[in-house]
There are 2 protein chains.
Amino acid sequence: MITPRFDILGQAISDASRTQMLCELMEGRAYTNKELAAAAGVTPQTASAHLRLLQDAGLVVAEKRGRCVYHRLAGAEVAHALEQLAAIAPADSLHRAQQRKAGDLAQVRSCYDHLAGPLAVAMTRAFLDRGMLQEEHGAFRAVPAGEWLKLGVILPEKPGRQPFARPCLDWTERKLHVAGPMGRLILDHALGSGWVKRHRHKRGLMLTTPGTRALEQILDLSCGGLVAA
Amino acid sequence: MITPRFDILGQAISDASRTQMLCELMEGRAYTNKELAAAAGVTPQTASAHLRLLQDAGLVVAEKRGRCVYHRLAGAEVAHALEQLAAIAPADSLHRAQQRKAGDLAQVRSCYDHLAGPLAVAMTRAFLDRGMLQEEHGAFRAVPAGEWLKLGVILPEKPGRQPFARPCLDWTERKLHVAGPMGRLILDHALGSGWVKRHRHKRGLMLTTPGTRALEQILDLSCGGLVAA
DNA sequence: AAAACCCTTCGCCGCGCAGCGAACTGTCCG
DNA sequence: CGGACAGTTCGCTGCGCGGCGAAGGGTTTT
């Protein structure tokens with residue numbers, strides 16, 4: 001019997017501190033040791049050991065720049081596999097309660113390299129409603145439309161082997177939203193256009209007033225309650 | 001930040017004994033405690049504890065029948081998530097060596113509810129070559145063809161939300177083969193027609209002479225080396 | 001040069017847990 | 001009824017590993 005080394009991966013994600021770090025890294029940004037240590041609630045020494053383990057497991061890569069070491073997920077496949085796991089993992093009820101209290105914190109955020117959270121779910125729903133996107137065989141198929149260009153998306157001429165618009169299951173909503181190259185384009189464009197901004201210290205993103213207006217104009221999407229305070 | 005309880009799943013698959021059991025269960029059959037204990041190389045008491053943990057994690061369900069308890073994977077989602085993990089997990093080189101020595105053992109086998117291994121990969125390649133199946137956006141799309149009926153597959157009238165032919169990455173070959181409802185139909189038909197048979201005590205399946213002839217006739221597929229001794 | 005800062009390595013403590021032997025429950029069979 | 005067998009529970013042992021404090025190597029700032 002051939003057994004993939006699940007245990008190596010499993011051991012990597014079997015610890016609450018490490019999963020906390022991984023969830024942090026799912027934002028797609030690179031983080032320093034100290035930041036991840038704070039996120040997991042442990043000292044830097046401990047975080048250092050955890051990150052070395054995650055590195056050995058191939059889930060995380062490190063990049064030294066000056067006196068800081070920046071850690072990030074090893075690739076989109078890793079983020080994708082973790083999403084899949086999240087789909088069958090029981091949600092943390094404790095943190096779910098925090099989410100309700102925190103309110104907007106989880107409303108708009110990024111998932112590795114694309115938008116996630118309620119905003120992304122709402123946008124995807126708008127794509128489907130307007131016929132810009134079709135769900136078929138559990139995959140997304142983009143339909144040529146003028147709206148795409150306004151969202152910073154240029155559709156490929158021919159469908160490639162990799163899905164251009166990959167469905168990604170949101171952790172909180174348990175609903176699909178757009179990932180893959182199209183998701184990346186949308187996030188890049190939204191950041192470049194100032195529709196969303198990264199928080200300085202808090203995690204997550206904030207939807208700006210221009211962003212709200214643009215989404216309303218292009219997709220007829222009302223973003224009530226999603227604008228950060 | 002919302003964190004799915006990766007750690008619960010992670011702890012479940014962080015132990016080599018448990019992963020061994022899970023790989024065994026990936027065959028799709030139900031196994032008794034004793035069988036799984038033998039597969040993992042531990043005593044029944046230890047296996048019992050492991051299985052209770054896997055049950056608590058929601059990966060495995062147990063069914064009591066007489067004095068035996070049959071364990072099986074909790075569902076196709078679990079099998080799917082494990083496949084995804086296997087895609088980024090380093091393969092076990094030790095067992096890879098065993099595979100080469102064992103030869104036909106890994107050639108034909110099932111992956112939860114569909115055929116897997118080199119045979120399934122070869123069949124999928126034949127589907128694609130003959131135009132019965134198309135790969136698009138990383139998904140499979142079945143094309144109506146007479147061959148499908150001979151393989152026990154009746155194509156659905158309209159594409160549903162769930163993919164009918166889901167691509168599944170094989171552990172050993174790292175190549176795609178057909179899973180999902182279509183994969184299940186093919187395996188069911190192959191078992192029902194006597195094309196493949198389950199080994200009595202050994203794991204895996206064996207391709208019969210009628211099976212070889214049928215595949216050659218329908219798909220022009222030569223199965224040299226895949227027939228069990 | 002000294003101070004501040006980021007990260008890592010080392011050594012230690014303590015918990016958690018995999019593993020087994022022994023004993024117990026429940027089921028099937030003669 | 002009594003033996004055989006599957007599974008579980010209990011108690012124990014030993015290893016692994018998460019955690020931190022202390023100390024050391026590098027880099028940036030003053």
Side-chain angles (χ1 to χ4, degrees), chain A residues 3 5-25 29-73 92 200-201, chain B residues 3 5-25 29-73 92 200-201:
Chain A
T3 60
R5 296 303 301 271
F6 283 146
D7 52 336
I8 291 182
L9 284 178
Q11 205 235 358
I13 62 173
S14 64
D15 181 77
S17 300
R18 281 192 290 269
T19 57
Q20 199 78 18
M21 293 182 187
L22 284 175
C23 288
E24 206 70 16
L25 290 165
R29 267 181 48 202
Y31 289 84
T32 64
N33 184 6
K34 202 181 180 184
E35 286 173 321
L36 293 171
V42 293
T43 56
Q45 310 93 290
T46 308
S48 183
H50 283 313
L51 284 166
R52 205 165 65 117
L53 203 154
L54 288 174
Q55 216 171 320
D56 290 345
L59 296 179
V60 162
V61 290
E63 187 186 344
K64 199 169 180 181
R65 191 117 47 108
R67 64 180 167 183
C68 290
V69 179
Y70 291 96
H71 303 269
R72 71 182 67 204
L73 286 190
D92 190 333
R200 287 204 62 74
H201 293 297
Chain B
T3 60
R5 296 304 301 272
F6 283 146
D7 52 335
I8 292 182
L9 285 177
Q11 205 234 358
I13 61 173
S14 64
D15 182 78
S17 300
R18 281 193 289 270
T19 57
Q20 198 78 17
M21 293 182 186
L22 283 175
C23 288
E24 206 70 16
L25 290 165
R29 269 181 48 203
Y31 289 84
T32 64
N33 184 5
K34 203 180 178 184
E35 287 173 321
L36 293 172
V42 294
T43 56
Q45 310 95 287
T46 308
S48 185
H50 283 313
L51 284 166
R52 204 165 67 119
L53 203 153
L54 289 174
Q55 217 170 322
D56 291 345
L59 296 178
V60 162
V61 290
E63 187 186 343
K64 201 169 178 180
R65 193 127 34 115
R67 64 178 166 182
C68 290
V69 179
Y70 291 96
H71 303 268
R72 71 181 67 202
L73 286 190
D92 189 333
R200 289 203 62 73
H201 294 296

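Computation of the quantities below employed the complete heavy-atom set of this structure, encompassing side-chain atoms and omitting hydrogens, waters and symmetry-equivalent molecules. Throughout, protein chains are lettered first and strands after them, A, B, ... in sequence-line order, and every chain is numbered starting at 1.
Atom P of nucleotide D/dG18 and atom CD of A/Gln20 are separated by 16 Å, given to the nearest angstrom. If you measure from atom OH of A/Tyr70 to atom P of C/dC7, you get 8 Å, rounded to the nearest angstrom. Protein atom CG of B/Asp56 is 12 Å distant from nucleotide atom P of D/dT8, rounded to whole Å. The CG atom of B/Asn33 sits 14 Å away from the C1' atom of C/dC20 (whole-angstrom rounding). Between B/Leu36 atom CG and C/dG19 atom C1' the separation is 17 Å, expressed in whole Å. D/dG18 atom C1' lies 17 Å from atom CD1 of A/Ile13, rounded to whole Å. Taking atom CG on B/Leu53 and atom P on C/dG16, their separation rounds to 15 Å, with Å as the unit. Nucleotide C/dG26 holds its C1' atom 10 Å from the CZ atom of B/Arg67, rounded to whole Å.
OP1 or OP2 of C/dC6 has not a single side-chain nitrogen or oxygen of A/Arg65 nearer than 4.0 Å. Contact annotation: A/Arg52 side-chain N/O to C/dC7 OP1/OP2 distance is not under 4.0 Å. In this structure, B/His50 reaches the C/dG19 phosphate: one of its side-chain N or O atoms is under 4.0 Å from OP1 or OP2. In this model, the phosphate group of C/dC17 is approached by a side-chain N or O of B/Gln11 to a distance below 4.0 Å at OP1 or OP2. Between B/Thr46 and the phosphate of C/dG19, there is no side-chain N or O to OP1/OP2 separation shorter than 4.0 Å.
If A/Asp15 and B/Ala49 are placed on DNA chain D by their nearest nucleotide, the residue sitting closer to the 5' end is B/Ala49. Each of A/Gly66 and A/Thr43 lies near DNA chain D, and the nucleotide nearest A/Thr43 is the one positioned closer to the 5' end. Between A/Pro44 and B/Ser17, the residue whose closest nucleotide on DNA chain C is further toward the 5' end is A/Pro44.
For B/Val69, whose side chain is taken as the heavy atoms from C-beta onward, the closest listed nucleotide among D/dG7, C/dC7, C/dA18 is D/dG7.
In this structure A/Ala40 satisfies the side-chain contact (heavy atoms from CB on, under 4.5 Å) test together with A/Ser17, A/Gln20, A/Met21, A/Val42, sequence neighbours excluded.
Applying the 3.5 Å distance criterion, the base of C/dG21 shares a donor-acceptor pair with the side chain of B/Gln45.
Screening A/Ile13, A/Leu36, A/Leu53 for a side chain to side chain contact (heavy atoms under 4.5 Å, CB included) involving A/Arg18 leaves a single residue, A/Leu53.
Heavy-atom minimum distance, A/Ala12 versus A/Leu59: CB-CD1, 3.9 Å. Here the shortest heavy-atom pairing between B/Glu24 and B/Tyr31 reads O-CE1, 3.4 Å.
In this structure, the side chains of A/Leu22 and A/Val60 come closer than 4.5 Å at one or more pairs of heavy atoms.
Counting any heavy atom pair closer than 4.0 Å across all strands shown, A/Glu35 reaches no nucleic acid atom.
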